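This report concerns only the one structure given below.
Please read all numbers here as calculations on a predicted model, not as lab measurements.
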Amino acid sequence: MKILVACEESQRVCIAFRAKGHEVYSCDLEFCSGDHPEWHVWNDVTPLLNGNCDFLTCDGKSHHIDKWDMIIAFPPCTYLSRGGGNSLVKNGVMDMERFEKGKRAAEFFYKIYNADCPKIVIENPVPIKLFGLPKPTQVVEPYMFGVPVSKTTFLWLKGVPFCCPTNVVKPTYTFTDYPLFKNSYGKYKQKNRSKTFPEFAAAMALSWG
């Protein structure tokens, strides 16, 4: 399959599907940290979503895709997630700048959700109801895939089955007290927390690849 992994700089999902023999490209506004620039598009993903597109990977090579077989996306959740809800309303007053950013984030979500592609997967934390995202298809937790962490994660699925749990373990950490994240700070903490667990990426490739 030809697969686009949108909004992924870690390349963990890209690498997992490449291991299954698929032609996969990650795309993000940040340079990749997965050590495979030859698979990464360092640019806005929007022009790629509906296929019939030309793009350069970070090794300078040009590519053309007529149609994607699958899109897997991790759109930014800063202004959409319920975790950020406390910043949206302060002292009973709506932060209109943050609200507008949330609306734009929701519009971006729908661009992916409505892309011309037969198989679409979108992953995000629990969203704020205010922005009207559709009902998720599946709810998963990292501990379903061998990571002893509790973090409710929503999946919106089109044309693919549920992601099958691979190794259910007892959750011994919340997402906020997981040692991997407690030992990083500021923007690095946020960046680390946004990366897909390798075990979850492997489960995606097993279920859909």
Side-chain angles (χ1 to χ4, degrees), residues 1-49 51 53-65 68-78 81 108-109 112 115 117 119-125 140-142 144-149 151 153-157 160 163-164 166-167 175 178-209:
M1 290 189 292
K2 292 179 172 59
I3 303 173
L4 172 65
V5 185
C7 312
E8 185 193 48
E9 60 79 27
S10 73
Q11 296 192 294
R12 289 177 177 175
V13 173
C14 179
I15 290 169
F17 276 85
R18 280 273 177 175
K20 296 286 187 181
H22 301 289
E23 182 182 355
V24 194
Y25 300 96
S26 57
C27 182
D28 198 82
L29 292 175
E30 293 194 23
F31 189 74
C32 58
S33 62
D35 296 327
H36 286 283
E38 72 275 17
W39 301 340
H40 190 66
V41 184
W42 189 9
N43 214 327
D44 176 16
V45 75
T46 305
L48 308 185
L49 291 174
C53 55
D54 297 283
F55 56 88
L56 290 175
T57 43
C58 290
D59 60 349
K61 292 185 178 180
S62 60
H63 306 265
H64 176 81
I65 294 292
W68 298 108
D69 297 301
M70 181 186 295
I71 295 172
I72 303 173
F74 304 88
C77 63
T78 303
S81 72
F108 180 58
F109 177 100
I112 301 169
C117 181
K119 298 179 180 181
I120 296 175
V121 175
I122 303 178
E123 182 267 9
N124 245 208
V140 296
E141 296 272 2
M144 296 177 176
F145 310 102
V147 184
V149 174
K151 181 203 176 191
T153 303
F154 283 1
L155 298 178
W156 289 261
L157 309 176
V160 298
C163 186
C164 185
T166 52
N167 179 24
F175 197 57
Y178 191 46
L180 180 65
F181 306 134
K182 289 183 71 174
N183 295 331
S184 58
Y185 301 92
K187 65 178 182 180
Y188 299 105
K189 182 174 183 177
Q190 183 178 5
K191 189 172 183 178
N192 285 337
R193 289 176 62 168
S194 70
K195 295 179 187 290
T196 304
F197 288 108
E199 296 86 347
F200 186 24
M204 290 182 177
L206 185 64
S207 294
W208 306 321

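Of the possible polar contacts, none joining the Asp69 side chain to the Ile3 backbone as a donor-acceptor pair under 3.5 Å is found. The closest donor-acceptor contact from the side chain of Ser26 to the backbone of Val5 lies at 3.5 Å or more, if one exists at all. Listed for the Trp208 side chain is no donor-acceptor partner under 3.5 Å among the backbone atoms of Phe17. Although no hydrogens or angles enter the test, the distance criterion places a donor-acceptor pair under 3.5 Å between the side chain of Trp42 and the main chain of Leu29.
Scored by the side-chain contact (heavy atoms from CB on, under 4.5 Å) test, Ala115 finds Leu49, Asn50, Ile71, Ile120 as partners (sequence neighbours excluded). Pro198 is linked by a side-chain contact (heavy atoms from CB on, under 4.5 Å) to Arg12, counting only residues two or more places apart in sequence or in another chain. Every side-chain contact (heavy atoms from CB on, under 4.5 Å) that Cys32 has, sequence neighbours left out, goes to Gln11, Pro37, His40.
With contacts defined as side-chain heavy-atom distances shorter than 4.5 Å, the pair Glu23/Ile65 qualifies. Contact annotation: the side chain of Glu123 approaches that of Thr153 to within less than 4.5 Å [non-hydrogen atoms, C-beta and beyond]. In this structure, Ile112 and Trp156 have side chains that are not in contact, with every pair of non-hydrogen atoms separated by 4.5 Å or more. Looking at Cys14 and His36, their side chains never come closer than 4.5 Å, going by heavy atoms from C-beta outward. For the pair Phe55/Asn43, no side-chain contact is recorded, criterion being any heavy-atom separation below 4.5 Å from C-beta on. With a 4.5 Å cut-off on side-chain heavy atoms, Thr57 and Tyr25 count as touching. Asp28 has its side chain out of reach of Phe74: every pair of non-hydrogen atoms, C-beta onward, lies at least 4.5 Å apart.
The CZ atom of Phe200 lies 9.5 Å from the OG1 atom of Thr166; values are rounded to the nearest 0.5 Å. Atoms OG1 and CG, from Thr46 and Asp44 in turn, are 3.5 Å apart once rounded to the nearest 0.5 Å.
Across all their heavy atoms, Cys7 and Pro75 have their closest contact at SG-CA, 3.9 Å. Across all non-hydrogen atoms, the minimal contact from Arg18 to Val24 is NH2-O, 2.8 Å. Scanning all heavy atoms of the two residues, the minimum distance from Asp54 to Leu48 falls at O-CD2, 4.4 Å. Among all heavy-atom pairs drawn from Ser10 and Ser33, the shortest one is CA-OG, 3.5 Å. The shortest heavy-atom contact between Leu4 and Cys27 is CD1-CB, 4.1 Å. Nearest heavy-atom pair, Ala203 versus Phe145, reported as atom, atom and distance to 0.1 Å: CB-CD2, 3.4 Å.
The aromatic rings of Tyr178 and Phe197 lie perpendicular to each other, with more than 60° between the two planes, well past the 30° mark.
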Audit row: Val160, Met70, side-chain contact (heavy atoms from CB on, under 4.5 Å) steps and yes/no: CA-CA 9 Å; Val160 298; Met70 181 186 295; 4.1 Å; yes
